[in-house]
> 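Structure in structure tokens, see below.
Chain naming here is simple, since letters A, B, ... match the order of the sequence lines and numbering starts at 1 in each.
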There are 2 protein chains.
Amino acid sequence: MSGHEKSRLLSSAVADQRLLQHKVKPTAMRVLVLEYLLTQQTAISLNDLEKGMQPADRITIYRTLKTFEQKGLVHLIDDGTGVHKYALCDDACGPAEHHDLHVHFYCNNCKETYCLSDSKIPEIALPDGFGFNEMNLVVKGHCDKCRS
Amino acid sequence: MSGHEKSRLLSSAVADQRLLQHKVKPTAMRVLVLEYLLTQQTAISLNDLEKGMQPADRITIYRTLKTFEQKGLVHLIDDGTGVHKYALCDDACGPAEHHDLHVHFYCNNCKETYCLSDSKIPEIALPDGFGFNEMNLVVKGHCDKCRS
DNA sequence: AATTTCATGCAATGCAATTGCATTGTTTCA
DNA sequence: TGAAACAATGCAATTGCATTGCATGAAATT
Ligand SMILES: [Mn+2]
Ligand SMILES: [Mn+2]
Ligand SMILES: [Zn+2]
Ligand SMILES: [Zn+2]
């Protein structure tokens, strides 16, 4: 068995396990999508996912991502560009409860969207009578790679 | 002159002056749009603007809003619903500089989008090398009217 | 093996932002 | 004043996504 094949099997095993942990049946498509997501350092759009992966149907990827989101495997990011981005959840998110209330960062230069998992959103003082459920904070500027 | 006509002239005068202050030529259409915006308590979408006003062309309203935005008269709000909302700037915003870094609130019940002009966005600690220009914070929950 | 349930692929739809272009109104200046 | 230059308007068309419908194929359940 070649080294390449071996590492392929290994990553498949990792992906498989992660899918099973979240009660998602590990089909070929889902393993491929998850593996691709695991290689990403930043959030990715459906378009880029489609382009980057082996030829695969766009809609199937779309539905795969939706399943992943529902099962707490990935979270959808609205970075204000108008197109949705997806990124893996790092904590143990489950269905119907994403605890990824972290800041997202959009680089105006390289157009990449980062999950700033360590930058938590601070408490916001709301006017009387207002109660909050969720919040979304997107910071825009220049990332570390685009400042040298 | 009737009371109605008088107040109409007065509001026109107010709108006119506000337009001139921002170097926008006060055409009939622009005055109408601005007057309508002045009556709103919450941010409004292009659709609702079109429905609420006297019959007027959608695209013209769209371009009017774009002009207003460029001249610092209104700011565009991305509340995460996918449709843009517009609201008047309260401070003296000028072209190319909106200083309305306030929080926006979206009510999941009545679907209204509020400008929380008093809730400023706090400082966020970014990772090393990241520099910020703008930010967008949207809080979602229930507004004061929807909690009684 | 038959039946049900789930996953996939392709086509079609929906919706809102944006642009092109022709027309009309407004300003500028000879 | 009257032509030329410029700006605003209205209508049609386009774009770019997200989302859904439906038919086919694979997997699980009996
Ligand atoms: Mn994230
Ligand atoms: Mn606002
Ligand atoms: Zn960058
Ligand atoms: Zn409400």
> Is Tyr62(A) close enough to dT19(D) that one of its side-chain N or O atoms is under 4.0 Å from OP1 or OP2 there?
yes
> Per the ring-ring contact (aromatic ring centres under 6.0 Å, His included) rule, what does the pair list look like for residues 107-130 of chain A, sequence neighbours excluded?
Tyr114(A)-Phe130(B), Phe130(A)-Phe105(B), Phe130(A)-Tyr114(B)
> Roughly, in whole Å, what's the span from CE in Met29(A) to P in dT8(C)?
7 Å
> Establish, with yes or no, whether the OP1 or OP2 oxygen of dA8(D) is under 4.0 angstrom from a side-chain nitrogen or oxygen of Arg30(B).
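Affirmative; the distance criterion is met.
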> Applying side-chain hydrogen bond (donor to acceptor under 3.5 Å, both in side chains) between Asp79(A) and each of His104(A), Lys85(A), His84(A), report the one that passes.
Lys85(A)
> Can you work out whether Ile59(B) or Thr64(A) has the more 5'-proximal nearest nucleotide on DNA chain C?
Thr64(A)
> How many Å lie between NZ on Lys71(B) and C1' on dA8(D), as a whole number?
13 Å
> Measure the distance from CD on Gln70(B) to C1' on dA8(D) and round it to the nearest whole Å.
14 Å
> Name the residue closer to the 5' end of DNA chain D, choosing between His84(A) and Lys25(A) according to the nucleotide with the nearest heavy atom.
His84(A)
> Does Lys111(B), at its NZ atom, have more than 12 non-hydrogen atoms belonging to other residues, nucleotides or ligands within less than 6.0 Å?
yes
> Find the distance Leu49(A):CG to dC17(D):P and express it as a whole number of Å.
14 Å
> Could you list the residues that satisfy salt bridge (Lys or Arg N to Asp or Glu O under 4.0 Å) with Glu134(B), not counting sequence neighbours?
none
> Given atom CG of Asp79(B) and atom C1' of dA16(C), what is their separation to the nearest angstrom?
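One finds 13 Å between C1' of dA16(C) and CG of Asp79(B), rounded.
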> Rounded to whole angstroms, how far apart are CG on Leu46(A) and P on dA18(D)?
6 Å
> Specify the separation, in whole Å, of atom CD of Glu50(B) and atom C1' of dA16(C).
12 Å
> Rounded to whole angstrom units, what separation is found between the CG atom of Asp48(B) and the P atom of dA17(C)?
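It works out to 11 Å between those atoms.
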> Nearest 0.5 angstrom please: Ile44(B) CD1 to Glu112(B) CD, how far?
8.5 Å
> Go through dG10(D), dT8(C), dA18(D) for me and flag the one nearest to the Arg58(A) side chain.
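Shortest atom-to-atom distance from the side chain points to dA18(D).
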> Select base, sugar-phosphate, or nothing to describe what Arg63(A) touches, counting heavy atoms under 4.0 Å on all strands.
base
> Indicate whether OP1 or OP2 belonging to dT8(C) is found under 4.0 Å from a side-chain N or O atom of Thr27(A).
yes
